[in-house]
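Numbered from 1 within each chain, the chains take letters A, B, ... in sequence-line order.
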Amino acid sequence: MLPVRTRFAPSPTGFLHMGSLRTALYCYLFTRKNKGTFILRIEDTDQERLVPGATEVIYDTLRECGLNWDEGPDVGGPVAPYVQSERKDSYLPYAKQLIESGHAYYCFCTREELAARREAAQARGETWKYDKHCLGLSREQVAGNLEKGLPWVVRQNTPTTGESDFDDLVYGHISAPNDTLDDMVLLKADGMPTYNFANVVDDHLMGITHVIRGMEYLSSTPKYNLLYKALGWDIPLYIHLPNVMRDAKHKLSKRDGDAYYSDFIKKGFLTPALMNYLALVGWNPGDEREFFTLSELVEAFSVQGLSKSPAIFDVNKLTWFNAEYIRRLSPGEYLRLAQPWFEQALSGTGMDYPRLAELMQPRTEIFSQIPDMVRFLKEMPGYDLALYENKKQKSGMESVPGALALAKNLLETVEDWSEEAIHAALIPGIAAAGLKNGTVLWPLRVALSGQLSTPGGAIEIAYLLGRRETTRRLDAALKRVGGAN
RNA sequence: GGCCCCGUGGUCAAGCGGUCAAGACACCGCCCUUUCACGGCGGUAACAGGGGUUCGAGUCCCCUCGGGGUCACCA
């Protein structure tokens with residue numbers, strides 16, 4: 001088999017979408033697995049949809065994800081340029097060749113004319129397909145129109161009989177009747193090729209052996225193959241990928257927001273977790289493994305593991321992956337990543353971040369959840385007295401005032417405010433009073449946090465808060481529950 | 001609507017004619033525990049429906065239904 005050459009060919013119209021990212025991932029995995037060449041090609045033939053800076057976003061995102069390309073606009077390569085707009089002049093000769101051989105023709109129909117005929121056809125209940133109106137033009141008429149400077153496009157002349165078929169590496173045998181194939185535009189009036197034409201010409205010129213792309217191209221692939229044949233070129237192998245869905249009925253789309261790689265990063269998802277999850281949406285290694293680094297994915301990847309049916313993007317599972325990746329971070333790394341989020345809620349408190357980080361690491365699923373989880377450390381929230389009630393801990397309104405008062409007395413004996421010292425003061429003291437740990441510790445934690453759940457128990461919270469703030473909150477609570485003070 | 005593709009638990013997904021239909025996420029329960037989380041153990045839950053083929057079908061064929069894609073001078 002020929003050395004594998006593949007390309008990821010996004011159009012620079014905005015941020016990189018999770019669906020596109022997954023396509024890039026699979027393309028990369030397939031290529032590396034087969035020791036091939038991975039090419040990045042920018043498809044910017046639609047000048048109207050171009051977004052400034054989008055190309056750089058593509059570079060940055062791909063690099064961040066470790067999907068490095070061997071040839072591309074910025075790194076060059078033997079079949080440069082890798083930006084379609086810079087290849088503009090290379091398409092016309094092939095279009096002319098197709099016109100000469102009768103596989104394509106000039107079309108002078110205006111958008112308005114087309115719209116009118118389309119509507120009329122639909123009004124008659126017919127399925128619209130370009131009516132080959134301009135195919136009937138004589139050589140002289142065409143020449144005359146060209147002479148007059150009339151705007152023109154080039155259309156593919158698809159056969160009206162027979163059928164076209166091909167074998168897709170994941171979907172298997174695909175065939176379609178030729179008479180359902182539309183005469184698609186190959187060259188636009190502005191001289192730019194359409195995707196339909198550019199991808200065929202460029203894939204051939206760049207020596208692409210395997211075309212890996214979303215399945216939205218599955219039904220137009222027969223038309224592309226007709227072009228390859230008309231030009232006398234070898235048809236590449238195809239690997240069409242099932243869609244990534246938002247839910248059962250909707251494809252994950254750019255309009256959903258939150259579907260961009262950058263959105264997930266902003267929310268505090270880790271890139272390796274994202275990649276790991278993405279790899280498993282539409283592919284599986286064939287065994288029980290589910291944690292993979294990029295290179296492990298390369299090793300495990302095979303087209304046999306690719307699925308045919310669309311898969312719903314499950315943020316739930318992604319979140320689980322992310323939490324797993326967070327737990328596996330070294331304490332130092334976790335602290336570095338969590339610090340900005342701590343700051344967001346706790347700036348100015350002088351909190352012991354390293355200790356807080358230890359407490360938070362097993363509880364963090366997504367970094368953006370951190371501020372809400374720790375905010376109580378800076379500002380005591382209002383709370384319901386019912387929080388003090390806990391049967392299992394033997395805590396109730398009758399025991400709380402005494403418990404809190406005991407805690408206060410014990411805490412006053414602490415000399416240096418460390419967790420060890422606090423522990424050493426409270427635990428034996430509670431035992432000496434003949435109480436259950438929970439009877440004192442439960443209300444203490446409530447008094448210090450005003451919350452049902454906290455990162456850490458009463459001792460950790462007291463330590464984090466510091467002596468002064470702990471005392472202040474404890475006094476306030478005693479006052480509120482009517483305890484002695 | 002025409003054409004193309006897809007259809008195993010709520011989600012991802014193994015299964016590629018022959019044990020009681022794996023596993024993961026989510027959910028529920030129990031244990032651990034000064035809360036929550038982590039961790040450990042256990043549980044609920046699926047072959048869209050109907051016909052065939054076969055000794056035997058989630059696995060092969062047909063139909064129906066459901067879903068998606070595509071019918072642009074967008075990619």
Side-chain angles (χ1 to χ4, degrees), chain A residues 9-11 13 43-46 48-49 107 109-111 114 118 122 125-130 151-155 168 171-172 174-177 179-182 184-190 192-196 198-199 213-222 240 242-243 245 247-251 277 280-284 286-290 304 307-321 323 327 359-365 373 387 390 392-393 395 426-427 430 436-446 449 451-461:
Chain A
S11 45
T13 55
E43 309 222 323
D44 60 345
T45 56
D46 185 353
E48 289 177 18
R49 291 204 311 159
C107 173
C109 295
T110 65
R111 287 169 186 272
L114 289 171
R118 184 176 6 242
Q122 281 164 352
E126 293 169 13
T127 302
W128 165 258
K129 212 184 95 176
Y130 181 69
W152 51 272
V153 302
V154 174
R155 281 183 186 275
D168 185 270
Y171 285 95
I174 307 289
S175 70
D179 65 356
T180 63
L181 271 22
D182 200 3
M184 60 188 185
V185 170
L186 265 23
L187 234 43
K188 301 189 266 193
D190 65 0
M192 281 289 188
T194 58
Y195 168 85
N196 301 313
N199 94 77
R213 59 172 41 147
M215 68 150 287
E216 57 268 28
Y217 299 107
L218 195 61
S219 56
S220 40
T221 298
H240 283 95
N243 285 143
M245 310 289 286
D247 57 49
K249 303 197 181 199
H250 306 274
K251 192 176 148 178
Y277 172 66
L280 264 11
V281 180
W283 173 83
N284 82 83
D287 56 35
E288 301 290 71
R289 285 179 299 164
E290 52 184 351
Q304 284 71 34
S307 165
K308 292 178 176 181
S309 38
I312 296 173
F313 187 89
D314 184 4
V315 181
N316 235 344
K317 182 118 188 193
L318 202 213
T319 302
W320 175 77
F321 264 112
R327 279 174 219 132
L359 259 12
M360 285 295 290
Q361 187 164 359
R363 290 164 235 258
T364 308
E365 293 186 304
M373 293 171 74
L387 291 190
N390 186 319
K392 200 178 163 200
Q393 304 303 337
S395 173
L426 287 175
I427 303 301
I430 293 169
K436 186 179 178 329
N437 281 342
T439 307
V440 177
L441 265 15
W442 173 272
L444 177 58
R445 195 179 56 82
V446 171
S449 70
Q451 298 184 170
L452 210 46
S453 70
T454 51
I459 293 169
E460 288 83 5
I461 304 294

Open item on the list: Trp283(A): which residues meet the ring pair (Phe, Tyr, Trp, His ring centres under 6.0 Å) condition with it, sequence neighbours left out?
Closed with: Phe301(A)

Task: Distance, P atom - from G50(B) to U59(B), rounded to whole angstrom - done: 12 Å

- [ ] Report the base-pairing partner of C65(B) (Watson-Crick or G-U wobble, both distances below 3.5 angstrom), or none.
- [x] G7(B)

Open item on the list: Could you tell me how far U53(B) sits from G58(B) if I compare only their P atoms? Round to whole Å.
Closed with: 16 Å

- [ ] Describe the nucleic acid contact of Ser307(A) in one word from base, sugar-phosphate, nothing, applying a heavy-atom distance below 4.0 Å.
- [x] sugar-phosphate

Task: Side chain of Asn437(A) (C-beta onward), nearest among C6(B), C3(B), U34(B) - done: U34(B)

Open item on the list: Taking pairing as Watson-Crick or G-U wobble with both contacts under 3.5 Å, can you name the mate of G23(B), or confirm there isn't one?
Closed with: C12(B)

Open item on the list: Rounding to an integer number of angstrom, what distance separates A22(B) and A14(B) when you compare their C1' atoms?
Closed with: 6 Å

Open item on the list: So Lys308(A) and Asp168(A), do their side chains get closer than 4.5 Å, heavy atoms only?
Closed with: no

TODO: With sequence neighbours left out, write down each residue that passes salt bridge (charged side-chain N to carboxylate O under 4.0 Å, His left out) with Glu43(A), or none if nothing qualifies.
DONE: Arg41(A)

Task: Closest-nucleotide 5' rank along RNA chain B - winner of Ser453(A) and Gly125(A) - done: Gly125(A)

Task: Touch class at under 4.0 angstrom, heavy-atom based, for Pro177(A) against every strand present - done: sugar-phosphate

- [ ] Taking only the side-chain heavy atoms of Lys308(A) (C-beta and beyond), determine which of U34(B), C6(B), C38(B) contains the nearest atom.
- [x] C6(B)

TODO: With a 3.5 angstrom cut-off on both distances, give the Watson-Crick or G-U wobble partner of C71(B), or none if there isn't one.
DONE: G1(B)

Open item on the list: What's Ala458(A) touching, base or sugar-phosphate or nothing? Going by heavy atoms closer than 4.0 Å.
Closed with: base

Would you tabulate the pairs of protein nitrogen or oxygen atoms and nucleotide nitrogen or oxygen atoms of nucleotides 67-74 of chain B closer than 3.5 angstrom?
{"residue": "G67(B)", "atom": "O2'", "partner": "Ala248(A)", "partner atom": "O", "Å": "3.2"}
{"residue": "G68(B)", "atom": "OP1", "partner": "Lys249(A)", "partner atom": "O", "Å": "2.9"}
{"residue": "A72(B)", "atom": "OP2", "partner": "Arg118(A)", "partner atom": "NH1", "Å": "2.9"}
{"residue": "C73(B)", "atom": "O2'", "partner": "Arg111(A)", "partner atom": "NH2", "Å": "2.4"}
{"residue": "C73(B)", "atom": "O2", "partner": "Ala189(A)", "partner atom": "N", "Å": "2.8"}
{"residue": "C73(B)", "atom": "N4", "partner": "Cys109(A)", "partner atom": "O", "Å": "3.3"}
{"residue": "C74(B)", "atom": "OP2", "partner": "Lys188(A)", "partner atom": "NZ", "Å": "2.8"}
{"residue": "C74(B)", "atom": "O2'", "partner": "Asp46(A)", "partner atom": "OD2", "Å": "3.1"}
{"residue": "C74(B)", "atom": "O2'", "partner": "Arg49(A)", "partner atom": "NE", "Å": "3.2"}
{"residue": "C74(B)", "atom": "O2'", "partner": "Arg49(A)", "partner atom": "NH2", "Å": "3.0"}

Open item on the list: OP1 or OP2 of U35(B) versus the side-chain N and O atoms of Gln393(A): is any pair under 4.0 Å?
Closed with: yes

Task: For Arg111(A), all residues meeting side chain to side chain donor-acceptor pair (under 3.5 Å), sequence neighbours excluded - done: none

- [ ] Report yes or no: does Asp314(A) contribute a side-chain atom to a donor-acceptor pair with the main-chain N or O of Asn316(A) at less than 3.5 Å?
- [x] yes

TODO: Tell me, with the steps shown, if Asp190(A) and Lys188(A) meet salt bridge (charged side-chain N to carboxylate O under 4.0 Å, His left out).
DONE: CA-CA 5 Å; Asp190(A) 65 0; Lys188(A) 301 189 266 193; 5.1 Å; no

TODO: Nearest whole angstrom, please: distance from the P of U33(B) to the CH2 of Trp442(A).
DONE: 16 Å

- [ ] To the nearest Å, give me how far apart CG (Leu359(A)) and P (U34(B)) are.
- [x] 15 Å

TODO: Under the side chain to side chain donor-acceptor pair (under 3.5 Å) rule, collect the residues that match up with Asp44(A), sequence neighbours excluded.
DONE: Ser85(A)

Task: Rounded distance in Å between the P positions of A26(B) and A37(B) - done: 12 Å

Open item on the list: If I pick the C1' atom on C61(B) and the same atom on C25(B), what distance separates them, to the nearest angstrom?
Closed with: 36 Å

Open item on the list: So for Arg445(A) and U35(B), does any side-chain atom that can act as donor or acceptor lie under 3.5 Å from a complementary atom in the base?
Closed with: yes

Polar atom pairs (N or O), protein with nucleotides 47-50 of chain B, under 3.5 Å:
none

Task: Separation of U33(B) C1' from Ile459(A) CD1 (nearest whole Å) - done: 13 Å

Open item on the list: Please enumerate all residues that pass side chain to side chain donor-acceptor pair (under 3.5 Å) together with Arg445(A), with sequence neighbours excluded.
Closed with: Thr454(A)

- [ ] Would you kindly give the CZ-to-P distance between Arg363(A) and G39(B), to the nearest whole Å?
- [x] 12 Å

TODO: Please state how far atom CE in Met373(A) lies from atom P in U35(B), giving the value in whole angstrom units.
DONE: 16 Å

TODO: Scan Gly456(A) against the nucleic acid and name what it touches under 4.0 Å (heavy atoms): base, sugar-phosphate only, or nothing.
DONE: base

Task: Value in whole Å for how far the C1' atom of C36(B) lies from NZ of Lys392(A) - done: 12 Å

TODO: Return the set of residues passing ring pair (Phe, Tyr, Trp, His ring centres under 6.0 Å) with Tyr195(A) (not counting sequence neighbours), or none when no residue passes.
DONE: Tyr217(A)

Open item on the list: Please give the distance between the P atoms of C60(B) and G7(B) as a whole number of Å.
Closed with: 10 Å

Open item on the list: Output the rounded distance in Å from CD1 (Ile312(A)) to P (G9(B)).
Closed with: 11 Å

Task: Qualifying residues under side chain to side chain donor-acceptor pair (under 3.5 Å), relative to Arg327(A), sequence neighbours excluded - done: Glu324(A)

Task: Any residue meeting salt bridge (charged side-chain N to carboxylate O under 4.0 Å, His left out) with Asp46(A), in chain and number order, not counting sequence neighbours - done: Arg49(A)

- [ ] For C4(B) versus U8(B), give the span between their C1' atoms, rounded off to a whole number of Å.
- [x] 23 Å

TODO: Describe the nucleic acid contact of Thr221(A) in one word from base, sugar-phosphate, nothing, applying a heavy-atom distance below 4.0 Å.
DONE: nothing

Open item on the list: For the P atoms, the ones on G52(B) and on U19(B), what distance do you get once it is rounded to whole angstrom?
Closed with: 23 Å

Task: Strand partner of U53(B), provided both Watson-Crick or wobble distances fall under 3.5 Å - done: none

Which atoms of nucleotides 23-26 of chain B (N or O only) lie under 3.5 Å from a protein N or O atom, and what are those distances?
{"residue": "G23(B)", "atom": "O4'", "partner": "Glu288(A)", "partner atom": "OE2", "Å": "3.1"}
{"residue": "A24(B)", "atom": "O2'", "partner": "Glu290(A)", "partner atom": "OE1", "Å": "2.9"}
{"residue": "A24(B)", "atom": "O2'", "partner": "Glu290(A)", "partner atom": "OE2", "Å": "3.3"}
{"residue": "A24(B)", "atom": "O2'", "partner": "Lys317(A)", "partner atom": "NZ", "Å": "2.6"}
{"residue": "A24(B)", "atom": "N3", "partner": "Lys317(A)", "partner atom": "NZ", "Å": "3.2"}

Open item on the list: How close do Tyr277(A) and Ile312(A) get, counting heavy atoms only, and between which atoms?
Closed with: OH-O, 3.9 Å

Open item on the list: Restricting to salt bridge (charged side-chain N to carboxylate O under 4.0 Å, His left out), what partner residues turn up for Asp247(A), sequence neighbours left out?
Closed with: none

Open item on the list: Any strand counts, and the cut-off is 3.5 Å on both contacts for Watson-Crick or G-U wobble. Which nucleotide pairs with C41(B)?
Closed with: G29(B)

TODO: Would you name the heavy atoms of Asn196(A) and Asn199(A) that are closest together and state the gap between them?
DONE: O-ND2, 3.4 Å

